[in-house]
There are 2 protein chains.
Amino acid sequence: MLKKNVIINFVGFLLILEGIFMWVGIPFSLYYNDNDIWVLFFTGLLTSLLGLVLFLSTKNKDKEVRKREGYIVVSIGWIVMSIFGAIPFVIHGSIPSYTDAFFETMSGFTTTGASILNDIESLPHGLLFWRSMTQWLGGMGMIVLSLAILPILGIGGMQLFVAEVPGPTKDKIHPRVRETAVRLWGIYVLLTAAEIVLLYIGGMTFFDAICHSFTTMATGGFSTKQASIAYYQSPFIHYVIIFFMISAGANFTIHYHILHGRFANVKRNEEFKFYITIIFFFAVLIAAVLFFSNYGNLEVSFRDSLFQVVSMITTTGYVTADYEVWGTFLLLLFVLFLFIGGCAGSTGGGIKIVRHLLLFKNSFLELRRLIHPRAVIPVRYNNHSVSQDIISNVLAFFLFYIFIFILGSLVMSLMGLDFMSAIGSVATSLGNVGPAVGSVGPTDNFAHIPSAGKWFLSFLMLLGRLELFTILVISSPAFWKS
Amino acid sequence: MLKKNVIINFVGFLLILEGIFMWVGIPFSLYYNDNDIWVLFFTGLLTSLLGLVLFLSTKNKDKEVRKREGYIVVSIGWIVMSIFGAIPFVIHGSIPSYTDAFFETMSGFTTTGASILNDIESLPHGLLFWRSMTQWLGGMGMIVLSLAILPILGIGGMQLFVAEVPGPTKDKIHPRVRETAVRLWGIYVLLTAAEIVLLYIGGMTFFDAICHSFTTMATGGFSTKQASIAYYQSPFIHYVIIFFMISAGANFTIHYHILHGRFANVKRNEEFKFYITIIFFFAVLIAAVLFFSNYGNLEVSFRDSLFQVVSMITTTGYVTADYEVWGTFLLLLFVLFLFIGGCAGSTGGGIKIVRHLLLFKNSFLELRRLIHPRAVIPVRYNNHSVSQDIISNVLAFFLFYIFIFILGSLVMSLMGLDFMSAIGSVATSLGNVGPAVGSVGPTDNFAHIPSAGKWFLSFLMLLGRLELFTILVISSPAFWKS
């Protein structure tokens, strides 16, 4: 039997937090004399109060969350946050349509970064701050989800790196989740603070430095500028953001090890090495193509290449240059980047590096298995044998991802999008990236997508953010029967 | 140690046959008074003589072919046939460039059907006949390959349906291969003969009826007309070809069962049922779209839809209508069709229905496995449990297919092709289909592709035709070490 109390209790708790976080941007609106102060104050207050009512309405505080509730709580969490998070934009009138506001907020909480705003700078500072905050909170949610909850649910190879970090190992979710989460959130906050300081030194206003640090560390990609990071000319700012995007796209247990001086663990981590390798491989390759096609000097070619590669692979989605004008070969590469994704246990979305690595290894081992049909040849990852169950789950994840991508593209083509825009909008939503190709390219936005399409893409963002299986399991009849 | 004798012996045998088959079209050239008689005669003679020399040069007639030789013999077979098969076109001058002639011939033997000819009707009848013959022979090769050789090599789930047909089960290839092959070739010849009669009745010349029957049954798609089957207005001809394309794309053991009245076996075959279901599902869906967009009357909408769907899914590649002008939604569907493929054990190429079916089943079972982590839930196919080894191999096949498709598209984009043409040319070559999208769409051809691109696409056709693994295994260091 489903423990409804646990779920209601959790939703109440989330809403209380959400309401409080809405207030955090109010000081900026006061400072800049904006007109969104009361909107944020009252929406925040009412959201918190509603949360409090829900929280208190559940008498039996059952602390034991099982897998079944885990699935539901995770899925409902993101939805509820987006439903309420969208309200201030609508009441203030800066995003009059609730569809648009919901799309923008879901894009925030899922750290996607796809926007429907045509004039970002016209928004008051409190709302801009809240918009960046949705991503930062989404990133926080993702850390606890991917490092503490999904591994227990057994989803998509997430068990693999849990062994590396002090964390829960039993079927019950509660005991050590909080401990792990707090530890990793500490790192998240620390890195955010460091970036704020550096961006401020680099010449951003304090407000912009905070907002961009929030959305960098969440691999979100919302900017306070319509032109995204291209607004800033400073190479220093670009490199700072590149560094923090790479950090945010890495498994947070890596940072934990680095902070504790355990560099052997970092060196042994195959996913991290592969992640760094592909980033620099593609950055150099693309820089070479740009340089030899007279794009600019070597530094500019490298910086623009590196920034765009890192932004796409980490699924951040910031833009300093328009890769759509770089020719078919590079365009194809950037479409591919939509399918890579950050490391598992990062705030990045997408398929994830570790899954690609496992699939790659398994496929090549299959050749050896064909030659030696009687030998048992397991995949090895970080010096451990990986069970066939995990490989099977990772493969199923990959196939569902492709299947949903295809189905989604067909749906978007029915909404009137052309070929490139249809596949691009779906790939970028599912991968939680932000920009794509076609009419939703790096210099465009999602305002022109029909309403039904916005709801559909919002759903894909959620599906991708929750590693597909969370939603798929809930949607399966077997889940409700058992 | 590799038995070189076996390989040389086999190549000699193939060349003797190829030379003899080159002569078969000569009577038509005599009848139509064409100028390619001596070209075919002498090329055929010299090819056969060279083959005879190779065949006789191997003293020790070792009858025992092991897996290692199996891999090499299969790969070399298709290459040698194409190298020699291209010669008559060049000597005659109708295809002056050897690159073009090799592309055309590889496209023939792999039953792809992609052509570089801009004026097919200008070719003499003997060469046109030889061109169709390459596909028919390729189809014959494929039947013995997929039903007798690949299952023993353990490639891509091919073991699965072998149990259904009297065939070899041991590690040694020789004993019952010949028996199985002869039986299934009988069916192939029978169906070809039946189609010739029906197309002749439908109004084709005897020559065109033979050529089109050859390329239908091979799911090849070479036509003797530049306009492909669109040249013929007769609905009867269209429906006859649809019927035989469907037959050619089905597992030939199905025909064997039907001929022996074992309909229970046919009804039990999940791949066949799935194959028929998706064909009619998409045919009806697309017909509806066409009809409601005022494409034509109901019969024309249905016929054009069914013909194109069957042609693409069976990987034949005939054309009676240009699907590129049917809008983005249908265009996306036709791009997808490039990745479906016929049934295993048919002459069709591509990923194959059975693999999609197994992947589909395994992915959905994964949801149940997540909910019941301790239960062992195997995939079932035709009422049997499928071993995890086979699933793993099928998954590896799928991933290699996608990986090669991506890499190939990048290569073709470097050759100057635009996005759609790059992905289309690679998908259609790898899937042995024929037409694609972009500049290699159903009303275009491959003449404009740069030379390097033609060699590369020829390689992809071979790779796809030999179910990837044959070539991949040979390319792996482990194969040569053991």
Side-chain angles (χ1 to χ4, degrees), chain A residues 67-68 71 153-156 171 327-333 335-336 339 359-360 362-373 388-389 391-393 395-400 402-403 406 409-414 416-423 437 469 472-473 475-476 478-479 481-482, chain B residues 67-68 71 153-156 171 327-333 335-336 339 359-360 362-373 388-389 391-393 395-400 402-403 406 409-414 416-423 437 469 472-473 475-476 478-479 481-482:
Chain A
K67 284 175 79 167
R68 282 171 60 72
Y71 279 110
L153 301 183
I155 287 178
D171 197 75
T328 308
F329 175 69
L330 296 192
L331 183 65
L332 252 164
L333 277 184
V335 170
L336 285 182
F339 292 89
L359 294 182
F360 215 72
N362 190 58
S363 297
F364 277 95
L365 286 181
E366 201 58 35
L367 296 182
R368 279 179 53 196
R369 292 187 192 122
L370 277 175
I371 297 167
H372 307 290
Q388 202 55 41
D389 285 357
I391 297 290
S392 167
N393 190 271
L395 287 162
F397 178 92
F398 184 82
L399 293 176
F400 271 120
I402 300 292
F403 185 66
I406 290 170
S409 302
L410 287 170
V411 170
M412 291 311 291
S413 79
L414 284 177
L417 271 68
D418 63 88
F419 188 91
M420 294 298 278
S421 311
I423 65 168
V437 288
F469 278 126
L472 291 176
V473 164
S475 318
S476 76
F479 179 79
K481 255 184 273 171
S482 69
Chain B
K67 282 174 81 166
R68 282 170 61 72
Y71 279 110
L153 300 182
I155 287 179
D171 196 74
T328 307
F329 176 69
L330 295 192
L331 184 65
L332 252 164
L333 277 184
V335 170
L336 285 181
F339 292 89
L359 295 181
F360 215 72
N362 190 59
S363 297
F364 277 95
L365 287 181
E366 201 59 36
L367 296 181
R368 278 179 52 195
R369 292 188 192 122
L370 278 174
I371 297 166
H372 308 290
Q388 202 55 42
D389 285 357
I391 297 292
S392 168
N393 190 271
L395 287 162
F397 178 92
F398 185 82
L399 294 175
F400 271 119
I402 300 293
F403 186 67
I406 290 169
S409 301
L410 286 169
V411 169
M412 291 312 292
S413 80
L414 285 177
L417 271 68
D418 63 88
F419 189 91
M420 294 298 278
S421 310
I423 64 168
V437 289
F469 277 126
L472 291 176
V473 163
S475 317
S476 76
F479 179 79
K481 255 185 272 172
S482 67

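So you know, we letter chains A, B, ... as the sequences are listed, proteins then strands, and number each from 1.
Only the side chain of A:Met420 has a heavy atom closer than 4.5 Å to any heavy atom of chain B. Using a 4.5 Å cut-off between heavy atoms, B:Val335 contacts chain A through its side chain alone, with no backbone atom that close. Heavy atoms closer than 4.5 Å to chain A are found in both the backbone and the side chain of B:Phe364. Looking at B:Ile406, only its side chain comes within 4.5 Å of chain A, counting heavy atoms on both sides.
Here CG of B:Leu332 is found 5.0 Å from OG of A:Ser413. Values are rounded to the nearest 0.5 Å. For the atom pair CG (B:Asp389) and CG (A:Leu370), the distance works out to 10.0 Å, reported to the nearest 0.5 Å. Separating the CG atom in A:Leu359 from the CZ atom in B:Phe398 is a distance of 11.0 Å, to the nearest 0.5 Å. Rounded to the nearest 0.5 angstrom, B:Phe329 CZ and A:Leu414 CG are separated by 4.5 Å.
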(request) Take A:Ile391 and B:Ser392 through the side-chain contact (heavy atoms from CB on, under 4.5 Å) test and state the conclusion after the steps. (result) CA-CA 9 Å; A:Ile391 297 290; B:Ser392 168; 6.0 Å; no
(message) Under the criterion side-chain contact (heavy atoms from CB on, under 4.5 Å), I'd like the reasoning laid out for A:Leu410 against B:Leu336: C-alpha separation, chi angles, the key distance, then a yes or no.
(response) CA-CA 10 Å; A:Leu410 287 170; B:Leu336 285 181; 4.1 Å; yes
(request) Please report the C-alpha distance between B:Glu366 and A:Phe469 in whole Å, then the side-chain angles of each, then the deciding distance to 0.1 Å, and finally whether the side-chain contact (heavy atoms from CB on, under 4.5 Å) criterion is met. (result) CA-CA 9 Å; B:Glu366 201 59 36; A:Phe469 278 126; 4.3 Å; yes
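With contacts defined as side-chain heavy-atom distances shorter than 4.5 Å, the pair A:Leu417/B:Thr328 does not qualify. Side chains of A:Phe339 and B:Ile402 form no contact here, defined as non-hydrogen atoms less than 4.5 Å apart. Two residues are said to be in side-chain contact when any heavy atoms from C-beta on lie closer than 4.5 Å; A:Val437 and B:Phe419 fail this criterion.
Contact tally against chain B (heavy-atom pairs below 4.5 Å) for A:Ser475, A:Ala422, A:Ser363: the top residue is A:Ser363.
Every residue was checked against the side chain to side chain donor-acceptor pair (under 3.5 Å) condition with B:Ser409, not counting sequence neighbours, and none meets it.
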